[in-house]
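These numbers were taken from a predicted model, which means no experiment stands behind them.
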Amino acid sequence: MEVSLGQKQKQHEFALVSMSQLTSSSSSSPCSPAIARFGIDSGTAQLQFLHEPESTEVINVDIGTTQLFKLGPVESVCITVDSETSSKKEFCDWNFSEVLSDVCLTTSFLLSQKSYSRGITIRFRTEDESKAFHCAFEQWKNEVIGGSAGECLENGSLLTSRSKFDNKIEAASAKMYFHYYGQLLHQQNMLQDYVRTGTYCAAVIENRADFIGRVVVDVGAGSGILSLFAAQAGAKHVYAVEASEMAEYARRLIAGNPSLAQRITVVKGKVEEVELPEKADILISEPMGTLLVNERMLESYVIARDRFLVPKGKMFPTMGRIHMAPFSDEYLYVEVANKALFWQQHNYYGVDLTPLYGPAFQGYFSQPVVDAFDPRLLVAPATFHTIDFTSIKEEDLYEIDIPLSFIASVGTRVHGLACWFDVLFNGSTVQRWLTTAPGAPTTHWYQLRCVLSQPMYVMAGQEITGRLHMVAHNAQSYTMYLTMSAKMWGAGAEQGGILQTSSCKLDLKEPYYRMSQPQAYAWSQDQQPHQLVHAQDIPIQSQDVVGPGLTPPSQNSAAPLNR
């Protein structure tokens, strides 16, 4: 049964270990235990802070003009715009997540920017309570601020209409995104990825038993090719949901295939907003971006599941895995580092450019490298992180935290972390994988590498640990925080300890597209050919349980056609 907003006000109450207000002068109110409570006041979602249940001193926070950010596992900050001096548009356009994630800047500095009226730091008892509060904050923001126009609230009605998508994605990014996918030349680029298209076709046609007589929803239908595959497989009816102008082209393409067109309906709009006349037995979509999660379409895929899919309905694809392994590539490292040499000029038209060399150097290393690389560059067996599309919550995709642990197979210099992904179509008849692994037929996703500005030396058998932490931002991508450490090796290793640590911050939205083909690499002195790690020889060390009956991908899982 749906919980009313009045009920939510009583249920959404959180105990805080401490709460303090910040000002631009860096002074703060005393930290003391408090309560955070969600509620509705005159049709506006409010977050209330009070130091004790019966306290008369209450701090009201308008969720519509507030952003919530994590400062640590149990500590967060609420930043609120001053409605008299700053507009909501300014508030939404300013990228708080980029600044807050930089430990070199303080919260009090933030409050001096653009006349933000209030900053409140809050601390919870446990990390789970912190996560629960963040989820509640997002739910209130989505369900109340992002409700339908004219929707009745407890004490009024909502005047504007904003969907979940609009609330978390900045307008400029969304406009460019839908413009890009509304062009036929980009759809052609994806259709000509024969590994991608061929695998989707095979996964649908070979699992005809799942589609015959069933209702299908194609999430982000694009040109409508997946909808046509579903109709070919015998679907009773397919609803092709597409938000960009490509919806018109999809109608034209589908109408040009009259034997299938009568069972396909194109619906123009976002899956977060459209209404469909019936539930779906199957969802089909191509929601994968670079490193699986770029463009944040996986969230729309999950929302479509919750809105349209019948219980125990099927999803094509069913799950995805992000694979990771340390790599050594001296050529790539030198190439990236050399890009900043321009800024080492002392006399550029009479100007000394060297003061900007440091920021430029770090800037080039903040770009993930997208290309196809030789799998022999990997220096340890890969691990993977699983995302089950049938059960994951949308909020779980806002932050993705992956612990790293590898055993170096060779002695070499580690230049960073190589990543790729695969997805499973778990059909009743055939399980088919689509992989973007190095050494497999190349796809338009290629692979991705995070290059460390400070490489590490490792010996064979040495343990490499670390963490890949990805935080979603409102430009439809992720900020990536990578830390890699070489643990003690040899005598005394059992005592633990870290010998060397290197870290970097990258923006998945701004990669360096390096489309050269994999090169032949010379062996190093301590790395003979028989010692090199080949992709087909790499045993996958799972950090997650994949589930019974699921088989690992093979290079034969894709269509036989190559680009």
Requested in this report: Answer yes or no on whether Arg321 is positioned over the face of Phe421, meaning its NZ or CZ is under 6.0 Å from the six-membered ring centre and within 45° of the axis.
Outcome: no

Query raised in the report: Got Thr483 and Leu468 here, is their nearest side-chain heavy-atom distance under 4.5 Å?
Result: no

Report summary line: Minimal heavy-atom distance between Ile464 and Ala408, with the atoms involved, is CD1-CB, 4.3 Å

Query raised in the report: Are Glu170 and Lys175 within salt-bridge range, i.e. N to O under 4.0 Å?
Result: no

Requested in this report: In sequence, state the C-alpha distance, the side-chain angles, and the governing distance for Glu75 and Lys70, and then conclude on salt bridge (Lys or Arg N to Asp or Glu O under 4.0 Å).
Outcome: CA-CA 6 Å; Glu75 188 173 13; Lys70 281 189 176 181; over 6 Å; no

Query raised in the report: Does some side-chain heavy atom of Tyr457 sit less than 4.5 Å from a side-chain heavy atom of Leu499?
Result: no

Query raised in the report: Trp420 and Pro438: which non-hydrogen atoms are nearest, and at how many Å?
Result: CD2-CD, 3.4 Å

Query - Check: Phe406 and Gln462 side chains under 4.5 Å, non-hydrogen atoms - result: no

Query raised in the report: Heavy-atom distance under 4.5 Å between the side chains of Leu377 and Arg449, does that happen here?
Result: yes

Query raised in the report: With side chains defined as the heavy atoms from C-beta onward, is the minimum distance between Tyr398 and His134 less than 4.5 Å?
Result: no

Query raised in the report: Donor-acceptor pair, Glu463 side chain versus Ser405 backbone, under 3.5 Å?
Result: no

Query - Residue Lys509 excluded, over 12 heavy atoms near NZ under 6.0 Å - result: yes

Query raised in the report: Side chains of Glu335 and Tyr512: donor-acceptor distance under 3.5 Å anywhere?
Result: yes

Query raised in the report: Does the ring center of Phe365 lie less than 6.0 Å from the ring center of Tyr333?
Result: yes

Report task. Run the numbers on Ser502 and Gln500 for side chain to side chain donor-acceptor pair (under 3.5 Å), then give the verdict. Result -> CA-CA 7 Å; Ser502 186; Gln500 185 181 2; over 6 Å; no

Query raised in the report: For Glu272 and Ser300, does a side-chain donor sit closer than 3.5 Å to a side-chain acceptor?
Result: yes

Report summary line: In short, Phe389 meets Pro317 closest at the heavy-atom pair CD1-O, 3.5 Å

**Report entry** Gln367 side chain reached by Asp507 side chain, heavy atoms, under 4.5 Å
**Finding:** no

Which side-chain N or O atoms in residues 286-295 pair as donor and acceptor under 3.5 Å with protein atoms at least two apart or in another chain?
from: Glu286; atom 1: OE1; to: Met288; atom 2: N; distance (Å): 3.3
from: Glu286; atom 1: OE2; to: Arg196; atom 2: NE; distance (Å): 2.7
from: Glu286; atom 1: OE2; to: Arg196; atom 2: NH2; distance (Å): 3.3
from: Asn294; atom 1: OD1; to: Ser477; atom 2: OG; distance (Å): 2.6
from: Glu295; atom 1: OE1; to: Tyr181; atom 2: OH; distance (Å): 3.0
from: Glu295; atom 1: OE2; to: Tyr181; atom 2: OH; distance (Å): 2.7

Requested in this report: Please confirm whether the backbone N or O of Gln344 pairs with a side-chain atom of Thr354, one donor and one acceptor, at under 3.5 Å?
Outcome: no

Query raised in the report: So does Gln454 have more than 12 non-hydrogen atoms from other groups sitting under 6.0 Å from CD?
Result: no

